[in-house]
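Heads up: the structure comes next, in structure tokens.
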Amino acid sequence: MAATAIDLQPYASLNDADCDKRITAAKQALGERVVILGHHYQRDEVFKHADFSGDSLKLSRQAADSRAEYIVFCGVHFMAEVADIISRPEQVSILPDLSAGCAMADMADLEQVERAWQELNSVLEADEFVTPVTYINSAADLKSFCGRHGGIVCTSTNAQKILDWSFARREKVLFFPDQHLGRNTGYKMGIPLDEMVVWDYDLPMGGLTAEQIKGAKMILWKGFCSVHQMFKPDQIENFRRDHPVGKVISHPEASFEVCQLSDYVGSTEYIINTITAAEPGTQWLVGTELNLVNRLHQTLAGDNKTVQFMSPMVCMCSTMFRIDPQHLAWVLENLVEGNVVNRISVATDVADNARIALQRMLDI
Ligand code: 13P
Ligand code: SF4
């Protein structure tokens with residue numbers, strides 16, 4: 001082990017081309033001891049170094065299956081936490097920049113969810129009637145809460161299956177933190193909008209009456225993704241006017257109105273697979289993060305496919321963007337020198353219960 005870790009500061013002045021060479025050399029030196037996982041929202045200069053890319057579910061499975069000593073997660077904080085929870089104890093999960101969080105995940109914390117549970121308990125027996133379901137975009141202690149209360153984790157890929165599982169056990173679901181994924185999935189399963197109420201975590205009893213809670217099938221946390229809320233129905237209408245045979249595809253974190261107007265709705269992996277498999281010459285409007293859309297546009301230009309970003313504004317996930325080649329070079333060169341920097345380590349008691357909720361999901 002080297003005595004002290006290599007300092008990050010000198011990497012700030014490295015250009016991307018130099019970082020590229022150093023990342024490649026460090027990866028080569030580490031060989032199978034390291035695996036780099038890259039979410040689809042990563043910028044190209046980082047994404048190109050990923051051994052595996054995917055959506056949250058696919059990358060969780062990769063982390064669970066990996067035998068590498070080091071899992072370097074080019075994504076956001078909750079993803080590296082999941083990798084730590086479901087990998088073996090001797091494996092190390094690393095997030096190249098610790099400030100790469102998820103703004104939506106930050107919209108629910110344990111204290112708020114515990115309070116909501118207590119308040120629900122004042123109206124009905126929550127542990128008997130309500131399954132807590134957390135979107136994977138959440139802190140480990142919320143996954144742990146779900147593990148302790150008979151609940152489960154979902155991703156944008158499996159939300160419907162997870163809700164089927166949940167309703168087979170208890171009559172209601174408390175879904176956090178993304179109201180849109182909850183509503184879009186619930187509606188697709190036939191739950192009327194008026195049986196899905198929004199829990200405003202800033203208000204006592206979520207701003208709901210006892211009757212509203214008793215009458216609801218789904219209680220949706222008032223969280224959202226600021227990137228996906230940039231997509232609007234008029235952007236789809238404009239596209240359809242200019243491209244009468246064009247297709248619209250959106251991520252389920254987009255609003256109900258946007259998803260209703262879209263031809264297809266699904267995870268980042270689903271979006272990529274659907275457009276890639278489409279006929280040459282087709283035209284697409286895509287409601288998800290900009291780096292993914294730009295990469296698809298470039299990859300499929302040879303097929304004469306048009307892949308257009310839904311919003312006229314630039315809206316990328318600023319926290320995903322924090323993982324840059326400089327940070328990636330820094331963590332890898334530290335590993336070569338025997339130093340682990342930016343380890344993500346979830347406390348054992350939290351991890352044990354979070355693993356229960358994650359394993360329920362992975363088993364489905
Ligand atoms: P996916 O699981 O579809 O990749 O979504 C993750 C995410 O954070 C979307 O904003
Ligand atoms: Fe979180 Fe939204 Fe970024 Fe996805 S796009 S990681 S939900 S902030």
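Nothing here was measured: the structure is a model prediction, and the numbers come from that model. Whatever order the structure lists ligands and atoms in, that order sets their numbers, starting from 1.
- Note on ring orientation: taking the six-membered ring where Trp is involved, the planes of F309 and F231 are perpendicular (angle over 60°, cut-offs 30° and 60°).
- Side chain to side chain, S166 and T131 fail the donor-acceptor criterion of an N or O pair below 3.5 Å.
- Close approach to C225 involves these atoms of ligand 2, each under 4.0 Å from a residue heavy atom: 2 (Fe), 5 (S), 7 (S).
- Ring planes of Y41 and H39: perpendicular class, angle over 60° (limits at 30 and 60°).
- Given atom 5 (O) of ligand 1, the protein heavy atom at minimum distance is H251 NE2, 3.3 Å.
- For ligand 1 and S267, the ligand atoms under 4.0 Å from any heavy atom of the residue are 3 (O).
- Ring geometry for W221 against F176 counts as perpendicular: the plane angle is over 60°, on a 0 to 90° scale with 30° as the lower cut.
- Contacts of E289 with ligand 2, taken as heavy-atom pairs under 4.0 Å, are absent altogether.
- Contact annotation: C102 places an N, O or S atom under 2.8 Å from atom 1 (Fe) of ligand 2.
- At least one cation-pi condition fails for K247 and Y264: the charged atom is not both under 6.0 angstrom from the six-membered ring centre and inside a 45 degree cone around its axis.
- The ligand atoms of ligand 2 that sit less than 4.0 angstrom from a heavy atom of A103 are 8 (S).
- For the pair R43 and F321, the cation-pi criterion (under 6.0 Å, within 45° of the ring axis) is fulfilled.
- Contact analysis leaves Y270 out of contact with ligand 1, as no non-hydrogen atom separation drops below 4.0 angstrom.
- The protein heavy atom nearest to atom 7 (C) of ligand 1 is E253 OE2, 3.5 Å.
- In this structure, a donor-acceptor pair under 3.5 Å is absent between the side chains of N294 and H297.
- Atom 3 (Fe) of ligand 2 has its nearest heavy-atom neighbour, among C315, S226, C317, in C317.
- When hydrogens are left out, the protein atom nearest atom 2 (O) of ligand 1 is S56 OG, 2.7 Å; that is the closest non-hydrogen contact.
- At a cut-off of 3.5 Å, with distance as the only test, no side-chain donor of S53 or H40 sits close to an acceptor on the other residue.
- K27 has a carboxylate O that lies under 4.0 Å from a charged side-chain N of D51, or vice versa, which qualifies the two as a salt bridge.
- Under 4.0 angstrom from ligand 1, the non-hydrogen atoms of S156 all belong to its side chain.
- Counting heavy atoms closer than 4.0 Å to ligand 1, residue T268 contributes atoms from both its backbone and its side chain.
- Across all non-hydrogen atoms, the minimal contact from P325 to C19 is CB-CB, 3.7 Å.
- Contacts between N137 and ligand 2 below 4.0 angstrom, taking non-hydrogen atoms only, involve the side chain exclusively.
- Under a 4.0 angstrom heavy-atom cut-off, H228 registers as being in contact with ligand 1.
- Residue contacts with ligand 1 include H39, since one or more of its heavy atoms lies under 4.0 Å from the ligand.
- Protein heavy atom at the shortest distance from atom 8 (O) of ligand 1 is N137 ND2, 3.0 Å.
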